[in-house]
There are 2 protein chains.
Amino acid sequence: MGGSAGDLVRLVAKGHGRSRAELARLSGMAPSSVSLRVEELIEAGLLREDGEGASRGGRRPRQLRLHENAGVVVAVDVGTHHVRMAVLDLAGRVLLEHELPGEIAEGPERVIERLLDNLRMTLRQAEVEHLPLLGVGIGMPGPVDPGAAKVVAPSRMPGWNDFPIGRRMSELLGVRVVVENDANLMAVGEHRYGWPDRDNLMAVKAGTGIGCGIIVSGRLHRGRGAAGDISHVPVHVPEPVTCSCGHSDCLEAHASGAALRRILRAQGIEVSSSRHLVDLVNDGVPEATTLVRNAGRLAGQVLVPLVNFFNPDVLVLGGGLSAAEPFVAAVRGAIYERCLPLATRDLEIATAVTGRDACMLGAGSLVLDEVLASEWVDDTLAAR
Amino acid sequence: MGGSAGDLVRLVAKGHGRSRAELARLSGMAPSSVSLRVEELIEAGLLREDGEGASRGGRRPRQLRLHENAGVVVAVDVGTHHVRMAVLDLAGRVLLEHELPGEIAEGPERVIERLLDNLRMTLRQAEVEHLPLLGVGIGMPGPVDPGAAKVVAPSRMPGWNDFPIGRRMSELLGVRVVVENDANLMAVGEHRYGWPDRDNLMAVKAGTGIGCGIIVSGRLHRGRGAAGDISHVPVHVPEPVTCSCGHSDCLEAHASGAALRRILRAQGIEVSSSRHLVDLVNDGVPEATTLVRNAGRLAGQVLVPLVNFFNPDVLVLGGGLSAAEPFVAAVRGAIYERCLPLATRDLEIATAVTGRDACMLGAGSLVLDEVLASEWVDDTLAAR
DNA sequence: CCATCTTTGTTCGGAATCGAAGTTTCAGGT
DNA sequence: ACCTGAAACTTCGATTCCGAACAAAGATGG
């Protein structure tokens, strides 16, 4: 597939295509054309030769990689109470990352201000100020319209509704900015960094809220923009709890971190955050363990029809609650108990390979895809 | 996208690309190259000029279509008690179709024998014996492994397990044969003939059994081969009924045509087929109507999480039960009552546009895609 | 009814791409 | 050590493909 300079760069960036010959095989172009193009790309400073690889029975391949000076992107994971940020090179390698506190409830203006400060500091610390910044990827903990690059109808995010964070950041920085929902980004991140050769994956992010991202045939599935929502699926529980959506039996109202904290508080146990909740579980506090296990069972029951229906290669469990072993075990149990053998036979159920970085890395991956698919490659080539 | 003769033929076949200029726009090739290629394709007898179209403010386009003598494919829908068959031209137009009785329980050898007889007769009746037969698409009412082109682990299909129907038919006919599950084919057929410009669609086939096919980004989603299974999702019902899978609360055990007939028989009402059941409903037999409405409600409840999760553009209801208005109304009701507004806002819920032909047309569409993506186009061109 | 703008399709020279043959380098066998 | 085959590139003539200009045909608007 493909037949242009951009395709070659993309293949190298994704980690396939490590030599001219391999690029020729993967791109479908003639070896001679690939050689010419690669030479140009090296001349333009986009690619770089990186020693020789192992022979496979003939001449050793001259390995190719993206030139580290070609540029960087910044990936941001905006959480409810924190901001995680990283600088990535064009191959998706993390050059520097860190986490800072930050309340999303402070509103978009204040958050953007802090993001920009952070971003400049991060670029300085990573010592890449002299390299071109090619794009920024931002994950938000709420529904996102990726076209307009803004948050829509969020709960727990006062002031953010319809705020065009993408356009604002883009104007202020002068670079491409992509915005996406955090659960979707977790799926993208886990797919790229954890299961790159599995085509169908779903990632469940169980933290303060519950979300799900879907990778179909290697690409993020957005549906009409709301795909992956599992938080308001009805579950069968003895006592109803009113959810923000108006129903009383939503998964989110009974199994999210917020719901569990509420229940514990009613039992006289104050919990400050999802991480605190997991600490209680790992410390063996029975009330917490019971609750978390029950949450896992409910989530698992919701996932059963989805796994049968979607029949993925991998089910990734991420978010705060996934750090609690009973939660993961309960999800696994519910799935294996009730899904079709055909659906579970080759199914991997795993916790997030990239842990707390998943969303941030997903943001990086998404913006990298955008950058490498843009005219930037051709423009850089043309500029010699 | 694309850049070869095959792509042009595909574009014309799909109904996009009706003139040289349009082909150039859609294929990305230069207008001059398209002109040259089209000329060759006309010379080779694959395309044909078909008068002039309406002007759009300039010169009128010289419309292109596939030459009707280029070849045909045969589409087969093997049901439990019938076989439907059609001859299609390369653009997917039905030249002739008919339905014959046929018991799948007679086993593969006997069914194949009858299929071949039917096929020869059909080609004769359609007066296309002199045209090349380029492929056969077959729909089977059970799980299919499309790679091996055989049925796997079927219920209600004695003797069919692991039978390589695709290879056998292919050997006997000397042409490409594709085999696929009937619900998947319903999705393909409805997508192509009913909702060609909607990218995400799910089709529920509620007949003797209950199945579901999924179109994601315009292409059939198979997952690991079992995607779309909704028949063994647990539903909440007062009295358990043992399903073939060993559980007692599967959707199929309570809402499939077979289940409804069983329940009616226990009430002393004998029903011979799903069609008979629908007749009873339309005749206003209250027991039947109540049952069918309840089945719709159960199916709808199962679909709620799937619609939220997948967020499709269209939900197609097909199969025998979809001819019963109370069934459709109950599904609609359950979805609108409980799905997210974001998921239902732009959702179309419709009965199958192509009615009982959906699976058969899907089989035709699938084999056409295969044929037009194969080397056949280039070979025909090379053969002058 | 004529001038102008649009859209469709074609012509043809120049540039990009291919592909077959050749070069370099290495593994494996004898 | 030497030969053979194989893989990774490179060279270079032949071919294809593009793209700009042109021709054809028609809508639009005064």
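Numbers restart at 1 for each chain; the letters A, B, ... are given by sequence-line order, proteins then strands.
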Task: Minimum heavy-atom distance between Val34(A) and Arg20(A), given as atom pair plus value - done: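 Scanning both residues completely, I find the closest heavy atoms to be CG1-O, 3.5 Å.
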
- [ ] Classify the nucleic acid contact of Ser55(B) as base, sugar-phosphate or nothing, counting any heavy atom under 4.0 Å across all strands shown.
- [x]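 The residue Ser55(B) makes sugar-phosphate contact but no base contact.
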
Would you list the protein and nucleotides 2-5 of chain D atom pairs, both N or O, that sit under 3.5 Å from each other?
residue: dG5(D); atom: N2; partner: Gly57(A); partner atom: O; Å: 3.2

Open item on the list: Can you tell whether the side chains of Arg93(A) and Glu68(A) come within less than 4.0 Å, N to carboxylate O?
Closed with: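 Judged by the 4.0 Å cut-off on N to carboxylate O distance, Arg93(A) and Glu68(A) do not form a salt bridge.
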
- [ ] Look at Asp369(B) together with Lys14(B) and state whether they make a salt bridge at an N to O cut-off of under 4.0 Å.
- [x]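 Answer for the salt bridge query: yes.
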
Polar atom pairs between nucleotides 21-23 of chain C and protein, under 3.5 Å, N or O only, would you list them?
none

- [ ] Could you check Arg18(A), Arg62(A), Arg60(A), Arg59(A) and say which one makes a salt bridge (Lys or Arg N to Asp or Glu O under 4.0 Å) with Glu52(A)?
- [x]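 The salt bridge (Lys or Arg N to Asp or Glu O under 4.0 Å) with Glu52(A) is passed solely by Arg60(A) among Arg18(A), Arg62(A), Arg60(A), Arg59(A).
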
Task: Phosphate contact (dT10(C) OP1 or OP2) by Arg20(B) side-chain N/O below 4.0 Å - done: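 Checking dT10(C) against Arg20(B), a side-chain N or O does come within under 4.0 Å of OP1 or OP2.
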
Open item on the list: Please check if the number of heavy atoms outside Glu129(B) that lie under 6.0 Å from its CD is greater than 12.
Closed with: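 Yes, the 6.0 Å shell around CD holds more than 12 heavy atoms from other groups.
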
Task: Axis bend over the full length of the helix from dC1(C)-dG30(D) to dT30(C)-dA1(D), computed from five pairs that close each end, to 10 degrees - done: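 Axis angle across the helix from dC1(C)-dG30(D) to dT30(C)-dA1(D), nearest 10°: 20°.
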
Open item on the list: Let's test your reading of the model: under 3.5 Å, does the base of dG9(C) pair with the side chain of Ser35(B) as donor and acceptor?
Closed with: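 No pair found.
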
Task: Options dT10(C), dA8(D), dC18(D), nucleotide nearest the side-chain atoms of Glu39(B) - done: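 Of all the options, the side chain of Glu39(B) is nearest to dT10(C).
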
Open item on the list: Nearest to the side chain of Arg56(B), heavy atoms from C-beta on, is which of dT10(C), dA27(C), dT8(C)?
Closed with: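 It is dT8(C).
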
